[in-house]
Each structure stands twice: as C-alpha cells, then as structure tokens.
Amino acid sequence: MKITTWNINSIRKRLDIVHRVLNEIQPDVLCLQEIKVITELFPYEFFNKLGYVTQYIKGQSGYNGVAILGKFGTIKDVQEMQLSSESRHLSVLLSNGIELHNFYIPAGGDVPDSVVNEKFKYKLQFFDDITAWFLNNRTAKDKIILVGDLNVAPLENDVWSHKQLLKVVSHTPVEIEKINSLYKSIDFLDAIRKFIPPEQKLYSWWSYRNRDWRKSDRGRRLDHIWVTQPLFPYVIEGHIAREVRGYLNPSDHCPVTIQLSKRQ
DNA sequence: ATGGTTGGGGTCCAA
C-alpha cells in the first residue's frame with residue numbers, strides 16, 4: 001500500500017499536476033493539505049475518474065482545508081479532531097486496520113515570538129493540543145500513521161542552513177521542541193529518514209520567492225510521514241518527489257510517499 | 001536588512 005501526502009496550495013489550480021503525479025506515483029491513498037476550497041466545490045468528479053472513489057473533504061473558504069482520497073476498498077471510516085474552527089485535520093481508519101491522520105499545522109506567521117505574534121502562539125498551542133490528544137487517546141502499540149504539512153523542519157539537514165534559520169519560523173528551537181514532543185508522544189518514527197539518513201540534506205518545500213528554486217536550493221523539509229513502532233519494519237519505501245517542484249504551475253510543496261508491505 | 005511569488009476573494013491577507 002502506498003500513501004502520499006502533499007500540500008497542494010489550492011486544489012482547483014493543480015488539477016493538471018495532480019493528474020500527472022497520480023499517474024506517476026499511483027498511491028492507494030492521497031492526503032492533501034491547503035486545498036483552499038469549500039467542501040461543496042471540491043473536484044469530486046475529477047478524483048472519481050482517476051479511481052479515488054472514497055473521498056473525505058474538510059474544506060474552508062480561502063484558507064487551509066484538508067482531504068483524504070482513497071482507491072476503492074482502501075478506507076473504512078473517517079473521523080476528525082475538534083481542534084479549532086479551522087480545517088486542519090482529518091483521520092481515517094484504513095481497511096487494513098491502520099489509523100491514518102492528516103494534519104495541516106499552522107504556519108505561524110513571520111515573527112517567532114508568541115507575545116507579539118498570535119499566529120506563532122496558535123502554532124505552538126496546536127502542537128500542544130494534538131500531542132495531548134495522542135497521549136490521552138492512543139498508545140505506542142497502536143498502528144498509526146501521521147502525515148501532513150507540519151510546518152516545522154526539525155533536523156539540521158532538513159533546512160538549507162541550520163545556522164541561518166535558527167531564528168526563522170519553521171526551524172526555531174521552541175518549534176523543534178514542540179514537534180519532538182508530538183513525535184515522542186506515542187513513539188512515532190520518521191518513515192522518510194529511514195531511507196534518506198539524517199546526514200543528508202532533504203527538503204519537501206521551496207519558496208516561490210526565489211528566481212530559481214533549483215539553483216538556490218534553499219529548501220526545507222516541512223512535510224512528514226511518521227509511523228508507530230509496530231508499523232516501522234513494514235515501511236519498505238520512502239520518497240520525496242523533488243522533481244514535481246519543477247513541473248508546470250507547481251505547488252511550493254512536493255509529494256511525500258511511503259510504501260507499506262502487504263502484511264503488517 | 002530587504003524583497004522576492006503565489007493563491008483566494010474581492011481591491012488585502014496568508015503563506
């Protein structure tokens with residue numbers, strides 16, 4: 001089973017690139033963030049035609065919005081966490097018994113200071129809330145996959161310059177502390193770094209505000225796939241499709257994919 | 001230190 005997560009930055013602007021990427025990767029389940037559309041206007045028929053007939057959408061006007069799309073028979077049920085008024089989470093129970101959580105963590109604004117920046121405060125609070133939820137409602141023995149745009153690059157080689165980004169939102173010590181608390185809550189393991197070791201630079205996002213993203217290569221790894229310990233041995237592939245950033249009319253994020261062996 | 005680009009909804013805010 002293949003699972004892909006992708007911050008799409010407006011689903012309606014990306015139908016061509018989504019079509020191309022789904023043909024190339026062929027995931028069984030696709031988790032999207034920042035669909036930037038109300039639930040009623042999601043392109044349901046577009047995904048139906050591509051075989052993604054199970055569709056759970058939590059939309060919002062203008063901002064945010066998440067979706068989980070599955071091929072026939074992959075998804076049993078859906079849930080959502082009541083976290084805030086914003087559309088930032090959906091989870092499903094997969095047919096193989098695994099629980100899959102899709103998050104769009106708040107970006108947090110420009111100034112990394114909770115006193116002067118409400119958005120940064122909200123981001124840290126959001127991490128506290130979901131960490132508490134996993135501590136109170138799940139254990140390390142459960143089969144859980146957590147994916148999404150977590151808007152934090154925790155490792156030194158998850159950013160183009162550790163030193164230059166220490167005071168930049170997404171790589172500050174306080175954010176890294178928060179993402180690590182979530183990571184440790186039920187002993188998640190990083191399914192992507194299983195295949196690309198922490199000594200290697202690895203990014204999933206490149207700003208639009210660079211003349212040549214490939215040349216400057218000032219990326220960050222903001223998009224993640226974590227699994228609990230019982231699933232870790234069965235993750236047989238992990239990949240960030242970096243080349244997608246260079247496709248026509250791209251999102252600023254790239255799709256991130258894992259493959260699980262048939263039996264868990 | 002600053003500005004660079006994109007998207008949505010409506011002539012500005014968020015990323």
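Any value given below was found using the heavy atoms of this structure, including those in side chains, with hydrogens, waters and symmetry copies removed. Below, chains carry the letters A, B, ... as their sequence lines are ordered, and counting in each starts from 1.
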Legend entry - A:Arg242/A:Asp217 salt bridge by N-O under 4.0 Å criterion: yes
Inset, instruction - Would you list the pairs meeting salt bridge (charged side-chain N to carboxylate O under 4.0 Å, His left out) in which at least one residue belongs to residues 72-82 of chain A, sequence neighbours left out? - result: A:Lys58-A:Glu80
Legend entry - Residue from A:Leu30, A:Asn7, A:Thr4 passing side chain to side chain contact (heavy atoms under 4.5 Å, CB included) with A:Pro255: A:Thr4
Legend entry - A:His239 and A:Glu237 side chains, donor-acceptor separation under 3.5 Å: no
Inset, instruction - Could you work out the separation of B:dT6 and B:dG10 based on their P atoms and round it to a whole Å? - result: 22 Å
Legend entry - Integer-rounded Å distance: B:dT2 C1' and A:Gln164 CD: 14 Å
Legend entry - Spacing of the P atoms in B:dA15 and B:dG9 (rounded, Å): 15 Å
Inset, instruction - Please state the P separation for the pair B:dG3 and B:dG7 - nearest whole angstrom. - result: 22 Å
Inset, instruction - Could you list by number each residue of residues 170-182 of chain A showing a heavy-atom separation from DNA chain B of less than 4.0 Å, or answer none if no residue does? - result: none
Legend entry - Residues A:His101, A:Trp133; criterion ring pair (Phe, Tyr, Trp, His ring centres under 6.0 Å); working and verdict: CA-CA 12 Å; A:His101 288 265; A:Trp133 188 90; 5.5 Å; yes
Legend entry - Summary of protein contacts for nucleotides 6-15 of chain B, nucleotide by nucleotide, where a base hit scores B, a sugar-phosphate-only hit scores S (4.0 Å, heavy atoms): SSSS----SB
Inset, instruction - Could you work out the separation of B:dA1 and B:dC12 based on their C1' atoms and round it to a whole Å? - result: 24 Å
Legend entry - salt bridge (charged side-chain N to carboxylate O under 4.0 Å, His left out): pairs with one or both residues in residues 185-195 of chain A, sequence neighbours excluded: A:Asp158-A:Arg193, A:Asp190-A:Arg221
Identify each donor-acceptor pair in which a side-chain atom of residues 62-74 of chain A lies under 3.5 Å from a protein atom, sequence neighbours left out, and give them as a table.
residue	atom	partner	partner atom	Å
A:Asn64	OD1	A:Arg88	NH2	3.3
A:Asn64	ND2	A:Gln60	OE1	3.3
A:Thr74	OG1	A:Lys71	N	3.4
A:Thr74	OG1	A:Lys71	O	2.7

Inset, instruction - Enumerate the residue pairs fulfilling salt bridge (charged side-chain N to carboxylate O under 4.0 Å, His left out) with a member in residues 5-20 of chain A, sequence neighbours excluded, ordered by first and then second residue. - result: A:Arg20-A:Glu24
